[in-house]
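Read through the structure below, which is laid out as structure tokens, and then see the notes.
All values below were derived from every heavy atom in this structure, side-chain atoms included, with hydrogens, water molecules and symmetry-related copies excluded. A quick note: this is a predicted structure, and the numbers were derived from the prediction, not measured.
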Amino acid sequence: MTYCVAMHVDRGLIFMSDTRTNAGIDNVSTFRKMQTWQVPNERLITVMTAGNLATTQAVLSLLDERSKAPEDRCPNLLEAPSMFQVARFVGNTLRDVIQGNLSGGKAKSESTFDATLIVGGQIKGGEPRLFLVYPEGNFIEASKDTPFFQIGEMKYGRPILVRAYDSAMSFEDAVKLMLVSFNSTVKANLSVGLPFDLQLYESNSFEVLYEKRIEESDPYYSEISEGWGNALSSALRTLPDFTF
């Protein structure tokens, strides 16, 4: 399983993904689920993946290969005129990979090869945008009502995001919020695990502002994990007692 979150705040975009994949409890591996393409002073595009590992790796490889192809061969991420067209291109690539796997005749169900993607970034002349891309290739865009997207094992980390998100929050507070969300997910589900990959993008910069791999031994993550647990216990004690 996977857990990835992308969030739109006033200052820009924040991306975070775990790195755990498994094919059973005795076959756990670490794979990066976030990939970025940049053209200095012109565009930055980040894709995060959840689902069948073979599908997601094939999609990322195709996107990367086509970004290096001559202009007359096929559309690509580095030539699309808008983030909408980027999301459309990524969706078509995902759909084609899934359908290609199914055409082999060995699949028992389409869900075997399913994957879901988050696509975010900015192209000069437009605003930073986020999209959630479904296995069928269609997609939705983040808005003021839905300012963040989750893919993978989302239910454990969602409540904290819904309660504490504020579009005016700083990058520092947004990362803290995400780490609490990820920590809650890790505590509840063994299929999600460290290290986490973090990336910050500031609007109109067209380059990565900050990126880091957060390991289990990271002192700030340890402080967040312990502090959040203590804060929950303390908050519970301050609530009125139940009587019967």
Side-chain angles (χ1 to χ4, degrees), residues 1-22 24-25 28-34 46 48-51 116-118 120 130 132 140 142-202 209-244:
M1 188 52 79
T2 295
Y3 186 43
C4 300
V5 179
M7 183 180 294
H8 198 316
V9 296
D10 292 345
R11 189 176 173 186
L13 304 174
I14 306 103
F15 303 90
M16 189 178 291
S17 63
D18 86 319
T19 56
R20 178 167 294 180
T21 64
N22 71 84
I25 60 174
V28 177
S29 302
T30 296
F31 283 92
R32 184 173 177 85
K33 302 170 186 176
M34 182 191 305
T46 294
M48 295 193 296
T49 64
T116 308
L117 311 180
I118 292 175
L130 284 176
L132 177 62
I140 59 174
S143 64
K144 290 184 178 179
D145 294 325
T146 309
F148 60 84
F149 286 133
Q150 304 165 275
I151 53 176
E153 192 57 79
M154 66 183 70
K155 55 184 176 290
Y156 303 107
R158 184 172 180 80
I160 179 62
L161 297 178
V162 172
R163 286 178 177 270
Y165 170 84
D166 183 346
S167 64
M169 68 197 318
S170 66
F171 276 158
E172 292 83 357
D173 284 344
V175 172
K176 178 169 35 175
L177 176 60
M178 279 194 175
L179 283 175
V180 171
S181 177
F182 272 71
N183 179 252
S184 299
T185 304
V186 168
K187 293 291 186 182
N189 193 311
L190 293 176
S191 68
V192 176
L194 289 101
F196 305 144
D197 287 320
L198 167 67
Q199 182 186 108
L200 305 180
Y201 171 72
E202 189 165 27
L209 174 66
Y210 178 83
E211 59 184 351
K212 180 180 181 179
R213 172 156 286 192
I214 301 170
E215 304 285 353
E216 190 168 2
S217 59
D218 185 271
Y220 181 67
Y221 175 74
S222 299
E223 187 176 354
I224 289 293
S225 179
E226 182 177 358
W228 180 243
N230 292 339
L232 284 176
S233 297
S234 177
L236 184 62
R237 290 193 294 269
T238 65
L239 295 175
D241 290 336
F242 174 76
T243 58
F244 59 94

Distance (rounded to the nearest 0.5 Å) between Ser181 OG and Ile224 CD1: 12.5 Å
Closest heavy-atom pair and its distance - Phe182, Asp18: CE2-N, 3.7 Å
Minimum heavy-atom distance between Tyr156 and Ala188, given as atom pair plus value: CD2-CB, 3.4 Å
Other residues, nucleotides, ligands: >12 heavy atoms within 6.0 Å of Lys155 NZ: yes
Using 0.5 Å steps for rounding, measure from the OG atom of Ser225 to the OH atom of Tyr220. 12.0 Å
Please determine which of Leu161, Val5, Asp166 meets the side-chain contact (heavy atoms from CB on, under 4.5 Å) test together with Leu177. Leu161
Roughly how far apart are Ser184 OG and Leu179 CG, rounded to 0.5 Å? 10.5 Å
How close do Phe171 and Tyr201 get, counting heavy atoms only, and between which atoms? CZ-O, 3.3 Å
Side-chain touch Asn183/Tyr221, heavy atoms, less than 4.5 angstrom: yes
Between Glu153 and Ser191, a side-chain donor and acceptor under 3.5 Å: no
Within this structure, what is the CZ-OG distance for the pair Arg213 and Ser17, rounded to the nearest 0.5 Å? 8.0 Å
Please find the pair of heavy atoms, one from Arg11 and one from Leu209, that lie closest to each other, and give the distance. NH2-CD2, 4.0 Å
If we check side-chain contact (heavy atoms from CB on, under 4.5 Å) with Thr19, which of these qualifies: Asp197, Leu194, Thr2? Asp197
Considering only heavy atoms from C-beta outward, does the side chain of Leu198 approach that of Ile14 to under 4.5 Å? yes
Starting at OG1 of Thr185, measure out to CD1 of Ile160 and round the result to the nearest 0.5 Å. 11.0 Å
Report the distance from atom OG of Ser222 to atom CD of Glu216, rounding to the nearest 0.5 Å. 8.0 Å
Restricting to non-hydrogen atoms, name the atom on Met7 and the atom on Ala174 that form the minimum distance, rounded to 0.1 Å. SD-CB, 4.2 Å
Whether the side chain of Lys33 engages the backbone of Arg20 through a donor-acceptor N/O pair (distance < 3.5 Å, no angle test) should be reported. yes
In the structure I gave you, are the side-chain heavy atoms of Thr116 and Phe149 within less than 4.5 Å of one another anywhere? no
Heavy-atom donor-acceptor pair, Thr146 side chain to Ala142 backbone, under 3.5 Å: no
Please give me the minimum heavy-atom distance between Ile118 and Ala6, naming the atom from each residue. CG2-CB, 3.6 Å
Checking side-chain contact (heavy atoms from CB on, under 4.5 Å) for the pair Phe148/Arg158: CA distance, chi angles, key distance, verdict? CA-CA 10 Å; Phe148 60 84; Arg158 184 172 180 80; 3.5 Å; yes
For Leu190, does the CG atom sit with more than 12 other heavy atoms under 6.0 Å from it, leaving out its own atoms? no
Met16/Tyr3 under side-chain contact (heavy atoms from CB on, under 4.5 Å): CA gap, chis, key distance, verdict: CA-CA 8 Å; Met16 189 178 291; Tyr3 186 43; over 6 Å; no
